[in-house]
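Note that the coordinates shown come from a computational prediction; the quantities given were computed from them, not determined experimentally.
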Amino acid sequence: MSDTSVAGRRPLDLVLVYKVLFLALVAAFVAVPLLATLLGGFKTLGELRTNPFGLPQTWEWQNYTGILLSKRYWQLLWNSLVIGSFTVVLTLIVASMAAFAFAHIHFFGSSMLLSYLTMGLLFPAATAILPLFIKVRDLGLLDNYFGVILPQVAFSLAMSILLLRRFFKDLPHELLEAALVDGCSYFAFFRHVTLPLSRPILATVGTITFVHSWNSYLLPLVMLNSEQLYPWPLGIMIYQGEFSSEWHLILAFITLTLLPTILLFIFAQKHIVAGLTAGAVKG
């Protein structure tokens with residue numbers, strides 16, 4: 001009987017081994033380029049050419065300290081932080097209210113309007129860059145933070161509304177019915193009940209929006225003219241132009257600019273997983 005039970009477990013054990021191997025392969029595929037970039041920033045240019053993936057023979061800490069002590073690096077990070085933070089806050093405010101309305105309030109044309117928003121996922125920002133530039137120029141927002149922030153919010157709304165709406169619909173409907181019976185308004189229920197229960201999905205949407213804004217290149221390139229307002233993707237373009245042959249410095253610069261988003265994912269991963277898997281299993 002014990003032999004039968006062991007034999008019955010063997011296929012499951014093999015599946016588990018294959019899953020572990022697959023996840024390890026995916027992790028290596030993601031981690032190796034990041035690790036190579038990190039280590040490349042500690043090398044000299046000559047060593048980087050002869051030993052691109054190995055450990056540095058001599059750790060050149062001044063490659064990183066020189067960047068950290070420069071005013072430009074902190075200015076680029078500040079610009080990216082301002083643009084990303086305002087984009088996240090505005091996206092969460094608008095998307096959460098719209099998603100709540102689509103989830104709990106039935107009105108004429110709601111399904112058609114939701115389908116219209118869903119169609120926005122089919123069009124990348126690059127296809128609308130010319131009319132978008134003209135509209136931003138007419139509003140007087142060129143070479144301004146909000147000339148980048150507002151278009152980013154607009155392009156983030158479709159996915160954000162869909163994720164939030166799904167989560168809001170999975171909340172117990174009895175809570176809304178009891179609140180309405182007690183005289184609670186929709187806005188009060190949204191403010192005092194829905195939002196506190198929706199922290200996982202809000203963290204998920206906020207993190208995705210922030211990373212997308214942090215890595216945005218095309219919109220800042222078109223809307224910003226002053227180097228003092230450039231976020232880090234444009235800063236790397238200028239930095240690479242000045243140090244075109246100094247690849248060890250460029251790798252150090254890239255590592256330091258990617259570090260904030262990596263730390264954000266590490267601290268928010270529990271909420272991100274909870275938000276994306278909410279409602280996946282029905283009891």
Side-chain angles (χ1 to χ4, degrees), residues 30 33-45 48-49 52 56 59-91 124-126 129-130 132-133 136-137 140-156 206-268:
V30 175
L34 294 176
L35 186 60
T37 303
L38 172 65
L39 295 177
F42 285 105
K43 301 175 182 177
T44 62
L45 182 59
L48 181 62
R49 291 173 176 173
W59 295 79
E60 301 291 339
W61 292 94
Q62 63 269 21
N63 294 346
Y64 284 94
T65 57
I67 296 173
L68 290 173
L69 294 176
S70 65
K71 181 180 177 181
R72 172 188 292 177
Y73 170 75
W74 296 107
Q75 182 65 48
L76 294 174
L77 252 63
W78 171 255
N79 294 336
S80 295
L81 181 62
V82 170
I83 294 173
S85 299
F86 273 97
T87 300
V88 169
V89 171
L90 292 177
T91 299
I129 198 65
L130 179 58
L132 191 59
F133 173 81
V136 171
R137 181 198 62 188
L141 294 177
L142 285 180
D143 207 24
N144 185 289
Y145 285 139
F146 282 94
V148 179
I149 293 171
L150 295 180
Q152 286 184 350
V153 172
F155 284 108
S156 300
T207 303
I208 294 174
T209 304
F210 183 83
V211 172
H212 177 75
S213 173
W214 187 268
N215 295 327
S216 179
Y217 176 81
L218 182 60
L219 275 174
L221 178 65
V222 174
M223 303 303 175
L224 300 177
N225 298 320
S226 302
E227 291 187 14
Q228 293 78 10
L229 299 177
Y230 279 3
W232 79 265
L234 299 185
I236 285 183
M237 177 184 65
I238 298 176
Y239 194 84
Q240 184 177 359
E242 294 181 1
F243 301 90
S244 57
S245 60
E246 306 291 334
W247 280 103
H248 56 302
L249 297 179
I250 295 174
L251 291 178
F253 192 92
I254 292 174
T255 301
L256 290 175
T257 50
L258 289 177
L259 187 60
T261 53
I262 295 175
L263 294 176
L264 177 64
F265 267 111
I266 292 175
F267 287 114

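The heavy-atom pair separating Asn63 from Gly41 by the smallest distance is ND2-O, 2.8 Å. Residues Leu90 and Leu150 come closest through the heavy atom pair CD1-CD2, 4.3 Å. The heavy-atom pair separating Gly206 from Val88 by the smallest distance is O-CG2, 3.5 Å.
Partners of Tyr230 according to the side-chain hydrogen bond (donor to acceptor under 3.5 Å, both in side chains) rule, which considers only residues two or more places apart in sequence or in another chain, do not exist here. Taking Ser216 as the reference, Gln152 meet the side-chain hydrogen bond (donor to acceptor under 3.5 Å, both in side chains) condition, with sequence neighbours excluded.
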### Message
Could you go through Ile250 and Phe253, starting from their C-alpha distance and side-chain angles, then the distance that decides it, and tell me whether this counts as side chain to side chain contact (heavy atoms under 4.5 Å, CB included)?
### Response
CA-CA 5 Å; Ile250 295 174; Phe253 192 92; 5.5 Å; no

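Side-chain contact between Asn144 and Met223 is absent, with no heavy-atom pair separated by less than 4.5 Å. Leu234 places none of its side-chain heavy atoms less than 4.5 Å from the side chain of Leu76. In this structure the side chain of Ile83 never reaches within 4.5 angstrom of the side chain of Phe210, judged on heavy atoms. Looking only at side-chain heavy atoms (C-beta outward), Leu251 and Lys43 stay at 4.5 Å or farther from each other. For the pair Val136/Phe133, no side-chain contact is recorded, criterion being any heavy-atom separation below 4.5 Å from C-beta on. At a threshold of 4.5 Å between non-hydrogen side-chain atoms, the residues Asn79 and Tyr145 count as touching. Leu256 has its side chain out of reach of Trp232: every pair of non-hydrogen atoms, C-beta onward, lies at least 4.5 Å apart.
Under the 3.5 Å distance criterion, the side-chain polar atoms of Trp247 are left unmatched by any main-chain donor or acceptor of Leu48. Of the possible donor and acceptor atoms, one in the side chain of Asp143 sits under 3.5 Å from a partner among the backbone N and O of Ser226.
Heavy atoms from other residues, nucleotides or ligands lying under 6.0 Å from OH of Tyr73 number more than 12.
Note: Trp59 and Phe42 have perpendicular aromatic rings, judged against thresholds of 30 and 60 degrees for the angle between ring planes.
Rounding to the nearest 0.5 Å places CG of Leu142 at 7.0 Å from CG of Asn225. For the atom pair Leu38 CG and Leu258 CG, the distance stands at 10.5 Å (nearest 0.5 Å). Between atom CD of residue Gln75 and atom CD of residue Glu227 there is a gap of 11.0 Å, rounded to the nearest 0.5 Å. With values rounded to the nearest 0.5 angstrom, Arg49 atom CZ is found 9.5 Å from His248 atom NE2. To the nearest 0.5 Å, atom CD1 of residue Ile149 and atom CG of residue Leu141 are 10.0 Å apart. Rounded to the nearest 0.5 Å, atoms CG (Leu132) and CZ (Arg137) are 12.0 Å apart.
Tested against Pro220 for a side chain to side chain contact (heavy atoms under 4.5 Å, CB included), the candidates Pro233, Pro231, Ser213 yield a single pass: Pro231.
Residue pairs meeting the side chain to side chain donor-acceptor pair (under 3.5 Å) criterion with at least one member in residues 255-268: none, sequence neighbours excluded.
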